[in-house]
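This report concerns only the one structure given below.
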Number of protein chains: 2
Amino acid sequence: MSNEKLPIAVDLSHHLSEVSKARRTSPLKGLAKYMERPGVIALAGGMPNPSYFPFSSLSADALVPDSFPVSTSSSQSSSSSWFWKIFGAGQPKEKTSSVTIPKYAKDPRNNVNLATALQYGTATGLVPLQKFLQEFTAKVYQPAYSDFATLVQTGNTDGWNRAALTLCNPGECFLTEEWTYPSALASVSPLNMTAVPVGMDKEGMSATSLRKILAEWDESVQGKKRPHVMYTVPVGQNPSGATMGEERKKEIYDICVEYDVIIVEDDPYFFLQEGEYVPKSVRSTTSTPDDVSQYIASLVPSFLRYDYQGRVVRLDTFSKTIAPGSRLGWFTCNPVFAERFERAGEVSTQAPCGFGQSLITSLLLNWGFEGYIRWLRGLGAQYTARRDFIIDALADEFDLDLSPSSSAHAVGPWRGANVYVAKEKWQGTEKFAATGRKPLFSFVPPTSGMFIWLKVHFENHPAYAAGDDSLEMKLWVAIAEAGLVIGPGWFFAADDENSPDGPNDGHYRIAFSFSDNDEMKKAVDIFGKVVKEFFKEA
Amino acid sequence: MSNEKLPIAVDLSHHLSEVSKARRTSPLKGLAKYMERPGVIALAGGMPNPSYFPFSSLSADALVPDSFPVSTSSSQSSSSSWFWKIFGAGQPKEKTSSVTIPKYAKDPRNNVNLATALQYGTATGLVPLQKFLQEFTAKVYQPAYSDFATLVQTGNTDGWNRAALTLCNPGECFLTEEWTYPSALASVSPLNMTAVPVGMDKEGMSATSLRKILAEWDESVQGKKRPHVMYTVPVGQNPSGATMGEERKKEIYDICVEYDVIIVEDDPYFFLQEGEYVPKSVRSTTSTPDDVSQYIASLVPSFLRYDYQGRVVRLDTFSKTIAPGSRLGWFTCNPVFAERFERAGEVSTQAPCGFGQSLITSLLLNWGFEGYIRWLRGLGAQYTARRDFIIDALADEFDLDLSPSSSAHAVGPWRGANVYVAKEKWQGTEKFAATGRKPLFSFVPPTSGMFIWLKVHFENHPAYAAGDDSLEMKLWVAIAEAGLVIGPGWFFAADDENSPDGPNDGHYRIAFSFSDNDEMKKAVDIFGKVVKEFFKEA
């Protein structure tokens with residue numbers, strides 16, 4: 001934390017929901033003064049003696065931070081299949097180091113130990129983890145004010161859920177990208193909290209669309225008060241794969257200041273920033289800077305960097321950087337909100353799981369800050385290689401024509417981008433009369449994250465009729481029947497009826513995070529075959 | 001599951017709250033049909049490839065199931081201090097066996113492995129864990145109907161929270177013991193859900209008081225509709241330590257059928273059934289039956305045993321039987337409620353932490369059902385020894401007179417019980433004129449759980465004035481200043497103003513779960529000294 005930064009001076013407590021304001025401060029707070037005295041005997045809480053925890057010690061073989069290269073080249077192979085992991089003779093052996101967590105520690109507050117980690121804990125989590133997260137946040141995200149708080153949660157879905165209930169009363173609406181993470185919608189829709197879809201372009205949420213919605217909001221027409229909370233996935237936007245740059249973030253932040261909007265920044269893909277896709281033929285080996293500060297400077301910044309008013313609630317998770325089963329992440333926000341999030345945690349999940357907390361904390365302490373950064377760089381390079389591999393495979397399967405950002409293809413999330421338009425491969429014959437080599441689908445290569453978002457041009461399908469959106473599901477089933485499951489577009493619609501870009505069928509999300517190269521190649525083959533066949537049907 | 005049992009035939013879906021009814025079925029359900037086909041390539045979800053999980057394997061040294069004896073005798077020593085655990089030469093070495101979880105398994109669905117456990121999982125948890133819990137529930141709790149469901153949650157506080165939001169609309173009230181677990185109240189009070197306190201006796205919730213409340217409910221007077229949900233801790237009731245027997249459970253169940261009430265049975269202390277306290281001088285060695293069925297039959301049954309209508313939501317947790325940091329437990333209930341709880345889980349915590357799930361599942365599979373039962377028997381004996389030790393210590397510090405259940409002391413949670421009334425020890429002199437050896441406090445030894453609940457007789461204090469409840473806090477502070485922190489009674493009041501037993505100050509809860517014998521002895525010394533001194537003050 002730089003000394004030049006000041007505590008926030010803006011009072012944002014009017015954003016707290018009625019439910020959140022009514023949450024009681026834990027009565028245990030009153031006991032803390034005594035509980036922390038050395039030598040005090042605590043018979044207040046129902047804590048079992050740690051001798052009754054059946055785990056005497058935990059240990060883990062953990063990969064070393066430089067397990068993955070930091071550079072990507074076109075020849076790089078991605079992770080291999082589980083078959084080889086089990087039976088794999090001839091596979092290079094993973095380099096691991098051992099992490100052990102004893103039941104007891106000499107300095108139990110500061111050293112990770114099971115007697116503490118497996119005991120009832122506060123909703124703030126283990127002290128060494130708190131310290132790591134606070135320092136990590138200061139160094140990496142560099143919030144614009146000094147008194148930011150970090151607080152553990154059990155993954156960003158829990159984080160958003162707690163944030164939404166803390167900030168919104170039932171029936172209120174919130175701003176979000178017109179395509180978004182379905183669970184973010186599903187978690188709050190039972191409280192009649194609905195999404196106001198904001199238009200998108202190649203950098204995700206559009207500042208122009210946002211301003212228009214807020215400026216033109218008329219409570220008497222909309223029947224709801226102007227939204228004061230935004231849910232956004234600014235990096236590796238789910239599903240579009242867009243990355244929001246500095247200028248856009250500043251612009252959106254300023255609009256949120258003007259209209260008094262709280263930004264909930266759900267940022268699981270922050271370290272999966274992949275840069276622009278470069279076709280295989282002209283691609284060169286690239287890598288991120290070795291210097292930690294330069295590496296951090298090479299990433300698009302978090303909204304926190306501009307957050308001089310404390311109106312950003314950032315959600316970080318270990319789901320993509322360690323493992324989804326971690327069910328561990330953290331809030332970064334102003335201390336007033338953090339205190340309310342802590343109260344909400346106390347009466348639901350309490351502390352995150354002690355097994356996960358202790359293993360992850362030990363891993364992070366074992367690696368150290370620089371080691372973890374090295375791990376993240378390697379991980380980012382892996383996802384870049386995966387992104388490149390699957391798009392290369394699409395380029396092998398289809399003719400991909402680059403359509404300029406001024407073209408009619410550059411609409412919706414592709415506004416402002418050069419768009420790849422896929423057509424059946426030209427084979428110098430007349431046998432393509434059926435499709436006339438019309439565009440089959442188009443997409444913009446993602447610049448971060450795990451997903452390719454593409455739009456199939458059903459308007460070129462022989463059976464297409466305006467207003468009929470049945471082809472989307474029909475093609476999805478045909479692909480699934482052929483052995484490939486991808487995400488149907490309607491999953492991700494924030495509000496299908498009120499989309500700023502009008503009817504929006506024909507989208508699919510393809511994840512390149514999981515499968516190995518062979519499987520991804522096979523998937524693209526299936527996709528290619530089924531799509532081409534589909535367009536020939538009458 | 002016995003073949004004679006039938007599926008439930010009663011429709012209880014009218015108990016679902018508006019929020020719960022509005023929860024969407026996961027769109028992923030629609031994909032499941034294809035996802036489960038062998039050989040299908042799944043590029044739908046954002047799952048990282050498991051090669052990116054930095055943990056190659058986990059292992060744990062786990063105690064063997066018979067680590068603790070099953071019998072208790074007056075000479076048995078309790079767990080020793082952490083100091084000896086770290087430095088302890090001469091301590092008997094713990095017997096452990098090693099549990100290892102590899103990253104990959106040949107049968108990943110049925111064998112615990114990190115590639116599955118640390119991946120995104122469904123809110124139903126790991127398959128081998130599901131199987132263990134379903135079988136454990138069938139064998140131990142023996143629900144009265146055949147199609148009961150079990151579903152993991154992240155501890156009973158999460159369980160109650162999900163149950164309350166699934167069953168109650170904001171503003172509704174629910175039935176509970178007049179003294180209860182504070183977080184159960186705190187979790188739902190922000191939704192303006194309030195507790196209707198039911199009177200208690202030595203078996204916990206009073207059936208008479210329950211019937212009276214329900215029979216006399218007048219919506220026009222109370223301003224709220226009659227409660228249709230009950231929250232109860234029937235074994236080792238928190239804070240009273242009472243155990244609800246078979247007859248009482250049947251009686252309460254029948255009343256709940258009559259008035260259409262859903263019973264949420266929060267039962268963390270089920271395996272800590274300790275029996276009646278027998279004074280040290282006449283105590284003999286006791287142990288639970290070695291035969292598993294006989295052991296299970298020796299425990300008071302769960303409400304599930306009588307639940308022919310599926311109106312019980314049972315909450316089990318590993319917090320007291322494995323460790324609180326497990327943040328893992330499970331619901332047992334009818335399939336309609338279970339499906340709604342699963343939906344609520346999907347959009348908050350998702351699956352419980354994979355580190356905890358995999359380690360606990362491996363431990364349970366390693367121990368087996370019979371091994372886990374053996375562990376639970378040993379644990380129960382430990383708590384019985386602890387309960388005996390602390391009450392023995394109180395008997396050393398005070399004269400404990402046994403006052404019959406017909407006496408004026410047998411009120412509130414002590415109704416129907418013989419009550420220990422503590423007076424300053426008689427030393428054959430006149431120096432006790434100040435207190436006149438009036439009762440200082442009274443209590444009923446707990447028959448289950450972790451807590452002694454006692455009532456200090458402030459009416460015998462020289463500074464006592466009717467209606468003034470400041471002495472409770474004053475004594476609490478004096479004890480804390482002397483180095484002992486116990487639970488102040490007001491924490492546990494369900495609704496102080498509407499308590500069926502009138503003004504109820506002067507209570508304290510003392511946990512005997514954590515400290516070793518030396519520390520408990522010291523705690524009782526401090527408590528004795530401060531209380532006696534306190535009563536001499538004018």
Side-chain angles (χ1 to χ4, degrees), chain A residues 19 22-24 27 34-35 40-44 46-49 51 53-63 79 82 85-86 96 104 117-118 120 154 158 161 183 186-187 190 323-325 327 347-349 353-356 359 450 480 483-487 491 510-511 513-514 519 523, chain B residues 19 22-24 27 34-35 40-44 46-49 51 53-63 79 82 85-86 96 104 117-118 120 154 158 161 183 186-187 190 323-325 327 347-349 353-356 359 450 480 483-487 491 510-511 513-514 519 523:
Chain A
V19 164
R23 286 203 188 278
R24 299 181 198 167
Y34 296 103
M35 298 283 266
V40 80
I41 302 176
L43 304 188
M47 300 193 297
N49 186 287
S51 64
F53 303 164
F55 292 95
S56 300
S57 72
L58 294 185
S59 46
D61 279 333
L63 296 184
S79 46
W82 66 271
K85 300 279 173 184
I86 302 177
T96 60
Y104 301 97
L118 299 186
Y120 281 109
T154 67
D158 170 50
N161 201 27
S183 287
S187 69
R327 302 289 81 217
V347 292
S348 56
T349 57
C353 173
F355 292 98
L359 284 160
M450 301 183 156
L484 170 65
V485 181
I486 59 177
F491 273 25
I510 298 176
S513 51
F514 184 78
E519 216 175 45
Chain B
V19 163
R23 286 202 187 281
R24 299 181 198 166
Y34 295 103
M35 298 283 266
V40 80
I41 302 177
L43 304 188
M47 300 192 297
N49 186 286
S51 64
F53 303 165
F55 292 96
S56 299
S57 72
L58 294 186
S59 46
D61 278 332
L63 296 185
S79 47
W82 66 271
K85 300 277 172 185
I86 304 178
T96 60
Y104 300 97
L118 299 187
Y120 281 109
T154 67
D158 171 50
N161 199 30
S183 287
S187 68
R327 301 291 80 216
V347 291
S348 55
T349 56
C353 172
F355 293 98
L359 284 160
M450 301 182 155
L484 170 65
V485 180
I486 59 178
F491 272 26
I510 298 177
S513 52
F514 185 77
E519 216 176 43

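Note on naming: letters A, B, ... go to the chains in the order of the sequence lines (proteins, then strands), and numbering restarts at 1 for each one.
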Contact origin within B:Arg23 toward chain A - heavy atom pairs under 4.5 Å: both

Heavy-atom proximity to chain A below 4.5 Å, by part of B:Asn161: side chain

B:Ala117 portion near chain A, given a 4.5 angstrom heavy-atom threshold: backbone

B:Leu359 and A:Leu58, any side-chain heavy atoms less than 4.5 Å apart: yes

Considering all heavy atoms, the nearest A:Val40-A:Tyr34 contact: CG1-O, 3.5 Å

Max heavy-atom pair count under 4.5 Å with chain A, selected residue of B:Gly325, B:Ala523, B:Ala186, B:Ala480: B:Gly325

Interatomic spacing from CD1 in B:Ile510 to CD1 in B:Ile486 - rounded to 0.5 Å: 4.5 Å

B:Met35, part contacting chain A, at a heavy-atom distance under 4.5 Å: both

Note, A:Thr154 side chain near B:Cys353 side chain (heavy atom, < 4.5 Å): no

side-chain hydrogen bond (donor to acceptor under 3.5 Å, both in side chains) involving B:Ser183 - partner list, sequence neighbours excluded: none

Largest heavy-atom contact set with chain A, pairs under 4.5 Å, which of B:Pro48, B:Gly356, B:Ala60: B:Pro48

Set of residues satisfying ring pair (Phe, Tyr, Trp, His ring centres under 6.0 Å) with respect to B:Phe53, sequence neighbours excluded: none

Option that, when pairs with chain A are counted at under 4.5 Å, heavy atom only, ranks first among B:Gly354, B:Ala22, B:Ala323, B:Gly487: B:Ala323

Nearest heavy atoms of A:Arg327 and B:Tyr120, plus distance in Å: NH2-CE2, 3.6 Å

Pick from B:Asp158, B:Thr349, B:Val19, B:Asp61 with the largest number of heavy-atom pairs that fall under 4.5 Å of chain A: B:Asp61

Contacting moiety of A:Thr96, where chain B heavy atoms sit under 4.5 Å: side chain

Proximity breakdown for B:Ser348 and chain A, heavy-atom pairs closer than 4.5 Å: both

